[in-house]
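One structure is given here, and the rest of the page talks about it.
Order of the sequence lines sets the chain letters (A, B, ...), proteins ahead of strands, with each chain counted from 1.
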2 protein chains.
Amino acid sequence: MIETTVLSAPAQTTKDRILDAAELLFADRGFDGTSLRMITSEANVNLAAVNYHFQSKEALLHAIYDRRAGPINRRRMELLDAIEASGEFVVERILDAFVRPVFELGVEVGHVPRLMMRLLYVETEGMFQHVFERHFRPVLLRFGVALRRAAPHLSEQEMMWRVQFFIGSFAHVMAGGRVLKFVLKDEREASPRDLIMRRLIRFAAAGIQAPKEIEA
Amino acid sequence: MIETTVLSAPAQTTKDRILDAAELLFADRGFDGTSLRMITSEANVNLAAVNYHFQSKEALLHAIYDRRAGPINRRRMELLDAIEASGEFVVERILDAFVRPVFELGVEVGHVPRLMMRLLYVETEGMFQHVFERHFRPVLLRFGVALRRAAPHLSEQEMMWRVQFFIGSFAHVMAGGRVLKFVLKDEREASPRDLIMRRLIRFAAAGIQAPKEIEA
DNA sequence: GTCTATAGTCGGATAGAC
DNA sequence: GTCTATCCGACTATAGAC
């Protein structure tokens, strides 16, 4: 089942080398802050190769997002399938299904959340729309439905807001907002990723299950 | 007490016009995506004026962050002073002191949270460090202390993590992550800002006050 | 498919007149 | 303080040889 070629990646094609180099650079320096020259130099390919394999710098970013967003959200769907099959709609387990596929990414792609962060807040509307409609919206809707079964006391819009609060927490710790480094210092390195994930789920599950109204 | 010049802003100086135009452009298109020519054109000032009043494009962004981060965090400190004076350490009230100064910003500066978002995740380390050390770190530390008095069952590091989850939720809804528009649709326009703030505080207060351990 | 060479544009910054 | 004019480097994209 496990192909050894996935990890060691021998005999990588020019196209893949471009994708890998560009992905890291875009995550770190942003689209406008990354030149094709940086990418081709880092990937050890010729400058013209980008416009040959992709058609433009923008189409390259497009391809990068599709390559990552597809597998992550398919995995989320699988985990949701299992929850629905079992009939056990528990908030913690549903949230786990959302965050686990990202936490399970290898450390060698630890920059992917930063890339997604840019998509959420920084990239152009068109870029966001393409990726969101294709990969994220169906997943988000299904999570909303599952969570309402787990916490039926909330209206649909109330739940949608709380899901957004959860996504904010999740995105923040995944993208490693620089604040984390300054506030938590060495603590962060010491905390195994698994513990961070459990802390996040604990926090968000309590928030999502909070009673409905503020005033009696 | 209230100066009418604050709102109508008559006879704005060249320097201020540059600050205003650049702030909006940087928030929308990012530092690399904004040229000095866009800024001076939008501000109706000469191209050379930027390098005269500030010294470089980077120093201009510096000035922009200082102009906003100062007042917001001073207001937070005031609200914290009031809490400490009253001796009523209630999680909801402490969280309110953190978010209120931002929610109270006029709609005409609704782009400021987006600008802060870029600082958190996108700008250079140097830019972040300058602003964080000067404006945010002292505030964050005080909030951590106050929250631990309100929820003493948590260790310092546990609380720091939960504060980070809260900040993620807050930043996400303030920056209006594009997801909000797509998921919540018209609902967002209809929800008064005050209601959003209360929902956020309700969610985060429950999360922060969640019991300590996952397993017994 | 891969390269070199270059077209064509736009960027930040500054010199120097007023 | 404000302007015009300009330097010079860097950028995306492509044409055309191999």
Side-chain angles (χ1 to χ4, degrees), chain A residues 5 9-67 115 118-119 122-127 130, chain B residues 5 9-67 115 118-119 122-127 130:
Chain A
T5 54
Q12 227 186 357
T13 68
T14 294
K15 205 170 171 178
D16 284 336
R17 293 227 305 287
I18 292 173
L19 280 171
D20 288 345
E23 181 178 84
L24 185 55
L25 282 164
F26 284 151
D28 282 344
R29 321 179 46 112
F31 185 78
D32 292 324
T34 303
S35 69
L36 293 184
R37 285 166 171 79
M38 292 181 204
I39 294 169
T40 54
S41 157
E42 196 67 28
N44 270 79
V45 302
N46 190 270
L47 172 61
V50 169
N51 280 299
Y52 175 79
H53 286 285
F54 309 86
Q55 297 164 4
S56 67
K57 188 187 176 186
E58 198 175 346
L60 168 61
L61 182 56
H62 229 115
I64 288 172
Y65 276 122
D66 283 336
R67 182 173 72 147
L115 200 68
R118 289 183 185 272
L119 182 70
V122 171
E123 281 330 325
T124 63
E125 279 284 325
M127 184 65 62
H130 172 93
Chain B
T5 55
Q12 227 184 356
T13 69
T14 295
K15 204 169 173 179
D16 283 336
R17 291 227 305 287
I18 293 174
L19 280 171
D20 287 345
E23 181 178 83
L24 185 55
L25 283 164
F26 284 151
D28 282 344
R29 321 181 44 113
F31 185 76
D32 293 323
T34 303
S35 69
L36 293 182
R37 284 166 173 82
M38 292 182 206
I39 294 169
T40 53
S41 157
E42 195 67 28
N44 270 81
V45 302
N46 190 268
L47 172 61
V50 170
N51 280 301
Y52 176 79
H53 286 285
F54 308 87
Q55 297 164 3
S56 67
K57 190 186 176 187
E58 199 177 345
L60 168 60
L61 182 55
H62 230 114
I64 289 172
Y65 276 122
D66 283 337
R67 181 173 71 147
L115 200 69
R118 290 184 185 271
L119 182 69
V122 170
E123 281 329 327
T124 64
E125 281 284 325
M127 185 63 64
H130 172 92

Side chain to side chain, Ile18(A) and Phe54(A), heavy atoms closer than 4.5 Å: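 Yes, close enough: below the 4.5 Å cut-off.
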
Minimum heavy-atom distance between Val45(B) and Arg17(B), given as atom pair plus value: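 Closest approach of Val45(B) to Arg17(B), heavy atoms only: CG1-NH2, 3.5 Å.
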
Arg118(B) side-chain N/O to Asp28(B) backbone N/O, donor-acceptor pair under 3.5 Å: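 The answer is yes, because a donor-acceptor pair under 3.5 Å joins these two groups.
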
Short side-chain N/O contact to dG1(D) OP1/OP2 from Thr14(B), under 4.0 Å: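 Checking Thr14(B) against dG1(D): no side-chain N or O falls below 4.0 Å of OP1 or OP2.
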
Pi-cation contact, Tyr52(A) with Lys15(A) (under 6.0 Å, within 45°):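 Lys15(A) over Tyr52(A) ring: no.
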
Value in whole Å for how far the P atom of dC11(D) lies from CD1 of Ile39(A):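 My rounded result for the distance is 11 Å.
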
Annotated protein contacts, base or backbone, on nucleotides 4-18 of chain C with a non-hydrogen cut-off under 4.0 Å, one of B, S, - each: B------BBBB----

Presence of salt bridge, Arg67(A) and Asp20(A), under 4.0 angstrom: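 Yes.
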
